[in-house]
Student: 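So that we are looking at the same thing, I have put the structure below in structure tokens.
Note that the numbering runs from 1 along the sequence shown for the chain.
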Amino acid sequence: MAPILVVIRFPYLIQFFGLCAMQLAKKYHPDANKNNPSAKRKFQEIRDAYEKRSRSSVNVEYGEGDAEGSAHDYGRHFSSSFHKIFSEIFEDETDRFASDIQVELILSFIEAAEGCTKDLSFEAYVPCDSCDGGGYPPGVKARVCPTCRGVGRVTIPPFTATCTTCHGSGRVVKEQCISCGGSGVVEGTKEVKVTIPAGVDSEDTIRVPEAGNAGARRSRPGNLFIKLKVAEDRTFTRDGADVYVISEISFTQAILGGKVEVPTLSGKVQVNIPEGVQPGQLVVLRGKGLPKHGFLVSHGDQFVRFRVKFPSEINERQRAILEEFAKEEIDSENDTFQEGNGWAQFLGRVASPKFVLEMSLLLLILMLLKKVLA
């Protein structure tokens with residue numbers, strides 16, 4: 001009789017793969033990673049990998065006799081056990097977490113700078129009013145779940161998962177709500193009050209937990225993500241936590257200096273104008289900018305940029321004063337030029353060839369006289 005060849009690959013392979021996948025599923029389960037948005041995506045990847053692997057991992061080569069039935073039964077036992085436990089975990093996850101919603105919110109510059117509270121209204125899945133989100137009509141008598149026998153959990157040692165038949169309630173109802181078709185949710189309008197922190201900027205996103213779509217049959221709602229857009233302001237411009245304002249001053253203030261009132265996020269303040277300030281010159285007001293999350297500095301700075309405004313018309317007296325000023329300015333420049341020009345003439349003469357020749361002859365005569373006298 002020919003030898004019987006039995007190669008059993010799948011029991012230990014499925015068991016090993018199932019244990020590894022179970023550990024990863026627990027690690028990335030959204031219940032344990034509520035503040036990690038990527039965990040749900042990772043959990044879905046593990047689910048997809050498990051389903052793909054479970055379909056292709058059963059590989060049995062057998063010969064004749066009773067070994068065929070034994071291997072087949074053993075493999076089927078492991079396969080169905082792990083498949084059931086994972087199916088319940090993953091299906092339960094899908095049912096218990098509803099989808100998220102993303103909305104855009106436009107804020108004024110001041111609202112973004114100071115923070116505010118907003119009432120948002122948007123389209124979403126909301127709990128059905130007819131069945132209060134339960135999925136079945138009120139007053140209908142529920143029966144014990146035949147899968148978990150009323151426990152709400154299904155255990156396949158050493159694993160335990162929520163029963164997918166009753167979704168953990170331990171009870172099932174045959175009748176379905178007519179309004180929602182048994183899902184427990186309907187399309188509607190959702191209203192949410194949200195607090196915007198001070199100092200936010202465009203492209204910032206605020207997450208409001210469980211404010212998204214309602215979940216089927218009273219399962220956990222999804223999250224709401226609010227993408228912010230800050231409108232431009234006439235007075236203020238920003239660069240991170242720093243803000244800039246433009247202050248117009250007269251040309252006499254630019255020359256003589258003085259004080260000017262400028263707006264800030266906390267009200268108007270007096271700012272000193274330096275004497276001889278140039279157009280576009282900046283003056284910094286420390287700590288007058290936007291709030292920021294820093295270890296030592298809690299606010300940015302405000303910069304005041306001066307813009308010199310020249311008069312379009314002047315009277316006769318003003319013209320006379322300006323002409324006198326212009327004359328003195330020209331005389332001062334000429335004096336400076338003449339002083340500089342005299343020095344330039346002296347340097348030019350010293351460096352000329354004639355001056356060098358004269359100095360050489362003078363030195364030669366002095367040397368001869370010194371020799372004769374000696």
Student: Under a 3.5 Å distance rule, please check whether E191 uses its side chain to pair with a backbone N or O of T189 as donor and acceptor.
Tutor: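 Here the side-chain-to-backbone pair does not exist.
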Student: Looking only at non-hydrogen atoms, find the nearest pair between Q281 and P274 and report the distance.
Tutor: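 For Q281 and P274, the tightest heavy-atom pair comes out as NE2-CG, 4.4 Å.
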Student: Share the residues that join V140 in a hydrophobic cluster, the rule being Ile, Leu, Val, Met, Phe, Trp or Tyr side chains under 4.5 Å apart at the heavy-atom level.
Tutor: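 Cluster partners of V140: Y136, V173.
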Student: How far does CG of D201 sit from CZ of R238, to the nearest 0.5 angstrom?
Tutor: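 One gets 3.5 Å once the value is rounded to the nearest 0.5 Å.
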Student: Is the count of non-hydrogen atoms from other residues, nucleotides or ligands lying under 6.0 Å from Q270 atom CD greater than 12?
Tutor: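 For Q270, atom CD is crowded (more than 12 foreign heavy atoms under 6.0 Å).
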Student: When rounded to the nearest 0.5 angstrom, what distance separates CZ in R149 from SG in C163?
Tutor: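 Here the rounded value is 11.5 Å.
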Student: Going from CD1 on I101 to CZ on F122, what distance comes out if it is rounded to the nearest 0.5 angstrom?
Tutor: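 Rounded to the nearest 0.5 Å, the CD1-CZ separation comes to 5.0 Å.
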Student: If I take atom CD from residue E111 and atom CG from residue L105, how far apart are they, to the nearest 0.5 angstrom?
Tutor: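 So the CD of E111 and the CG of L105 are separated by 8.0 Å.
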Student: Indicate yes or no for a side-chain donor-acceptor contact from K190 to the backbone of G212 under 3.5 Å, with no hydrogens or angles considered.
Tutor: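 Side chain of K190 to backbone of G212: a pair is present.
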Student: Is there a donor-acceptor pair under 3.5 Å between the side chain of D132 and the backbone N or O of G134?
Tutor: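 Not confirmed, D132 side chain does not pair with G134 backbone.
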Student: Atom SG of C116 and atom CD1 of I110: how far apart are they, to the nearest 0.5 Å?
Tutor: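 Taking SG in C116 and CD1 in I110, the distance rounds to 11.0 Å.
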Student: Using a strict threshold of under 4.0 Å (side-chain N to carboxylate O), is an ion pair present between E203 and K227?
Tutor: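 Judged by the 4.0 Å cut-off on N to carboxylate O distance, K227 and E203 do form a salt bridge.
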Student: If you count every heavy atom of other residues, nucleotides or ligands that lies below 6.0 Å from E104 atom CD, does the total exceed 12?
Tutor: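 More than 12 within 6.0 Å, yes.
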Student: Using a 3.5 Å distance criterion without hydrogens, assess whether the side chain of T117 forms a donor-acceptor pair with backbone atoms of T195.
Tutor: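 Flag not set: sc T117 to bb T195 has no pair under 3.5 Å.
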Student: May I ask you to decide if F236's main-chain N or O and D233's side chain share a donor-acceptor pair within less than 3.5 Å?
Tutor: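 Indeed, once roles are kept as given, a pair shorter than 3.5 Å links the two residues.
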Student: Could you give the distance from CG (L256) to OG (S250), rounded to the nearest 0.5 Å?
Tutor: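 One finds 8.0 Å between CG of L256 and OG of S250.
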Student: Before you tell me yes or no, could you show the steps for S179 and C131 under side chain to side chain contact (heavy atoms under 4.5 Å, CB included), namely the whole-Å CA-CA distance, both residues' side-chain angles and the distance that decides it to 0.1 Å?
Tutor: CA-CA 8 Å; S179 299; C131 62; over 6 Å; no
Student: Has the side chain of D100 got a donor or acceptor atom that lies under 3.5 Å from a matching backbone atom of N223?
Tutor: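 Yes, D100 side chain to N223 backbone: donor-acceptor pair under 3.5 Å.
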Student: Taking the side chain as C-beta and beyond, is there a heavy-atom pair between K174 and R143 under 4.5 Å?
Tutor: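 Side-chain contact under 4.5 Å: yes.
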Student: Is the count of non-hydrogen atoms from other residues, nucleotides or ligands lying under 6.0 Å from F306 atom CZ greater than 12?
Tutor: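 Atom CZ in F306 is packed in, count exceeds 12.
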Student: Any chance you could lay out the side chain to side chain contact (heavy atoms under 4.5 Å, CB included) test for I249 and R307, step after step, and finish with the verdict?
Tutor: CA-CA 6 Å; I249 59 175; R307 178 186 291 169; over 6 Å; no
Student: What pair of heavy atoms forms the shortest contact from V200 to I196, and how long is it?
Tutor: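 Residues V200 and I196, closest heavy atoms: CG2-CG2, 3.8 Å.
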Student: For Y125 and N213, which heavy atoms make the closest approach, and how far apart are they?
Tutor: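 What the structure gives for the nearest pair is N-OD1, 2.8 Å.
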Student: So which heavy atom on R171 is nearest to which on A142, and how close?
Tutor: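 Answer, listing the atom of R171 first, then A142: CB-CB, 3.7 Å.
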Student: Check whether any side-chain N or O of Q318 sits under 3.5 Å from a backbone N or O of N315 as a donor-acceptor pair, and report yes or no.
Tutor: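 Checking the backbone N and O of N315 against the side chain of Q318, a donor-acceptor pair under 3.5 Å is found.
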Student: Please check if the side chain of Q302 supplies one atom and the backbone of P263 the other of a donor-acceptor pair under 3.5 Å.
Tutor: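 Checked: pair present.
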Student: Do V243 and L290 have side chains that get closer than 4.5 Å, going by heavy atoms?
Tutor: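 In short, these two side chains touch, coming nearer than 4.5 Å.
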Student: Less than 4.5 Å apart, any side-chain heavy atom of S130 and any of C180?
Tutor: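 Contact flag for S130/C180 side chains = no.
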Student: If every non-hydrogen atom of P127 is compared with every non-hydrogen atom of A214, which pair is closest and at what distance?
Tutor: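 In terms of heavy atoms, the two residues are closest at CD-CB, 3.6 Å.
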Student: Can you name the residues that form a side chain to side chain donor-acceptor pair (under 3.5 Å) with E175, not counting sequence neighbours?
Tutor: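 Testing E175 for side chain to side chain donor-acceptor pair (under 3.5 Å), a comparison that skips the adjacent residues, returns none.
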